[in-house]
**Student:** 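Input: one structure, supplied below.
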Amino acid sequence: GSLDRRLEMQEKRIKLNSVADIKMFVRAAENCPFEIDVCYNHVCVDGKSFLGLMGMDLNQILRVQYDSEGENVEFEKVLAKFAAQTHDAA
């Protein structure tokens, strides 16, 4: 059921600081066969959409949600590179 699918979703927190960061993130996301959502507050955009991510507030920590069944080493490396320091978020 749909509940099972929810349990398989991974969520990581990232911080993108520049257009170059967004380009790198989108390039990695585009190589993934699974869907990637990037969310802030109640707004979610397609992680493969450069324009969508450009519209996000880069001062904020963004939540990346994706299907954990899809394992993509390059994408995981990019997530690790941009991983947000969660202790900043009070």
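For the numbers below, each heavy atom of this structure counts, side chains included, while hydrogens, waters and symmetry mates do not.
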**Student:** Is there a side-chain contact between Glu11 and Tyr66 in this structure, where contact means two heavy atoms from C-beta onward sitting under 4.5 Å apart?
**Tutor:**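 Side-chain contact under 4.5 Å: no.
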**Student:** Residues in side chain to side chain donor-acceptor pair (under 3.5 Å) with Asn17, at least two apart?
**Tutor:**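 Result, side chain to side chain donor-acceptor pair (under 3.5 Å) vs Asn17: Lys15.
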**Student:** Does any non-hydrogen side-chain atom of Asp37 lie less than 4.5 Å from one of Val64?
**Tutor:**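 The answer is no, as the side chains (C-beta and beyond) never meet within the 4.5 Å cut-off.
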**Student:** What heavy-atom pair brings Ala29 and Gly47 nearest, and what distance separates the two atoms?
**Tutor:**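 Heavy-atom minimum between the residues: CB-O, 3.5 Å.
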**Student:** Taking side chain to side chain contact (heavy atoms under 4.5 Å, CB included) as the test, write out the residues that go with Asn59, two or more places apart.
**Tutor:**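 If we apply the side chain to side chain contact (heavy atoms under 4.5 Å, CB included) test to Asn59, skipping adjacent residues, the hits are Asp57.
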**Student:** If you look only at pairs with a residue in residues 45-55, which of them pass as a salt bridge (Lys or Arg N to Asp or Glu O under 4.0 Å), with sequence neighbours excluded?
**Tutor:**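 Every pair satisfying salt bridge (Lys or Arg N to Asp or Glu O under 4.0 Å) with a residue in residues 45-55: there are none.
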**Student:** I need the minimum non-hydrogen distance between Leu58 and Ser18, along with the two atoms involved.
**Tutor:**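 In terms of heavy atoms, the two residues are closest at CD1-N, 4.1 Å.
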**Student:** For side-chain contact (heavy atoms from CB on, under 4.5 Å), just list the numbers for Arg13 and Leu62, CA-CA rounded to whole Å, side-chain angles, deciding distance to a tenth of an Å, and then say yes or no.
**Tutor:** CA-CA 6 Å; Arg13 292 176 181 278; Leu62 306 174; over 6 Å; no
**Student:** Less than 4.5 Å apart, any side-chain heavy atom of Ile22 and any of Met54?
**Tutor:**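 Side-chain contact under 4.5 Å: yes.
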**Student:** Under 4.5 Å between any side-chain heavy atoms of Asp21 and Phe82, yes or no?
**Tutor:**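 Asp21 vs Phe82: side chains touch.
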**Student:** Taking the side chain as every heavy atom from C-beta outward, state whether Glu35 and Gln65 have any atom pair closer than 4.5 Å.
**Tutor:**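 No. Closest side-chain heavy atoms not under 4.5 Å.
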**Student:** Minimum heavy-atom separation for Arg63 to Asn41, with atom names?
**Tutor:**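 Shortest heavy-atom contact: NH1-O, 3.8 Å.
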**Student:** Enter the distance from Ile61:CD1 to Tyr40:OH here, rounded to the nearest 0.5 Å.
**Tutor:**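 With rounding to 0.5 Å, CD1 (Ile61) is 10.5 Å from OH (Tyr40).
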**Student:** Are the side chains of Ile36 and Phe75 in contact, using a 4.5 Å heavy-atom criterion?
**Tutor:**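 Of all side-chain heavy-atom pairs linking Ile36 with Phe75, at least one is under 4.5 Å.
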**Student:** Could you go through the side-chain contact (heavy atoms from CB on, under 4.5 Å) check for Val38 and Met56 one step at a time?
**Tutor:** CA-CA 9 Å; Val38 179; Met56 295 297 250; 4.2 Å; yes
**Student:** I'd like to know if Glu30 and Arg27 make a salt bridge, using a cut-off of under 4.0 Å between side-chain N and carboxylate O.
**Tutor:**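 The answer is no: the pair does not qualify as a salt bridge.
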**Student:** Just wondering, do Val45 and Leu53 contact through their side chains at under 4.5 Å, heavy atoms?
**Tutor:**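 Heavy-atom side-chain distance check passes, below 4.5 Å.
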**Student:** Taking all non-hydrogen atoms of both residues, which atom of Gly52 and which atom of Ser49 are closest, and how far apart?
**Tutor:**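 In this case the closest contact between Gly52 and Ser49 is N-OG, 2.8 Å.
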**Student:** Can you tell me how far NZ of Lys81 sits from CG of Leu16, rounded to the nearest 0.5 angstrom?
**Tutor:**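 It is 11.0 Å, given to the nearest 0.5 Å.
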**Student:** List the steps, then state whether side-chain contact (heavy atoms from CB on, under 4.5 Å) holds for Leu79 with Glu76.
**Tutor:** CA-CA 5 Å; Leu79 286 175; Glu76 295 289 335; 4.3 Å; yes
**Student:** Roughly how far, to the nearest 0.5 Å, is the CZ atom of Phe50 from the CZ atom of Phe25?
**Tutor:**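 Phe25 CZ to Phe50 CZ: 13.0 Å, rounded to 0.5 Å.
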